[in-house]
Amino acid sequence: MINIVFLMLIFFMIAGTLALPLDGDVELIEAEDIIGREPPDAMVIHADGVLRLRGEIVANAADYLATLSVAERAIVRIVPDRKLPARSLVSIANELRTAGAGRVMVVSERALP
């Protein structure tokens, strides 16, 4: 019985399609050359640990929170450099939470294989 079920599974996997193929005339866009921009209220963290907000250097996480309203402190966005050590990222996130941030969200690039 298990052999029959297995053979039926293989048959439907080969014979059926889960999604329709794309139209042959359609060329998908490429996002390799697009310059990314951080959200305007997000703090950028460079690989060397330098914090920036809107292009200006910020001394520490508490100074960044001082620029935000009480409502904006509920969700704080940070944009870390890819080469920033994870230990530094966690440390900065902890500083933000200690200084009064509600939730700390890490903004990242979504890549397709």
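All values below come from the heavy atoms of this structure, side chains included, with hydrogens, waters and symmetry mates left out.
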Under a single-linkage rule joining Ile, Leu, Val, Met, Phe, Trp and Tyr whose side-chain heavy atoms are separated by less than 4.5 Å, which residues share a cluster with [X]?
| X | result |
| --- | --- |
| I57 | V50 |
| I75 | M105 |
| L7 | none |

Testing V79, L96, V76 for side-chain contact (heavy atoms from CB on, under 4.5 Å) with M43, which one passes?
->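 Considering V79, L96, V76, a side-chain contact (heavy atoms from CB on, under 4.5 Å) with M43 is found only for L96.
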For residues 84-94, dump all side-chain donor-acceptor pairs below 3.5 Å to protein atoms at least two apart in sequence or in another chain.
| unit_1 | atom_1 | unit_2 | atom_2 | d |
| --- | --- | --- | --- | --- |
| N94 | ND2 | V90 | O | 3.3 |

Using the test side-chain contact (heavy atoms from CB on, under 4.5 Å), find all partners of L9 that sit at least two apart in sequence or belong to another chain.
->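 By the side-chain contact (heavy atoms from CB on, under 4.5 Å) rule, L9 matches M13.
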Compile the donor-acceptor pairs under 3.5 Å between side chains in residues 65-74 and protein atoms, sequence neighbours left out, one pair per line.
| unit_1 | atom_1 | unit_2 | atom_2 | d |
| --- | --- | --- | --- | --- |
| T67 | OG1 | Y64 | O | 2.5 |
| S69 | OG | E72 | N | 3.3 |
| E72 | OE1 | S69 | N | 2.9 |
| R73 | NE | L65 | O | 3.1 |
| R73 | NH2 | L65 | O | 2.9 |

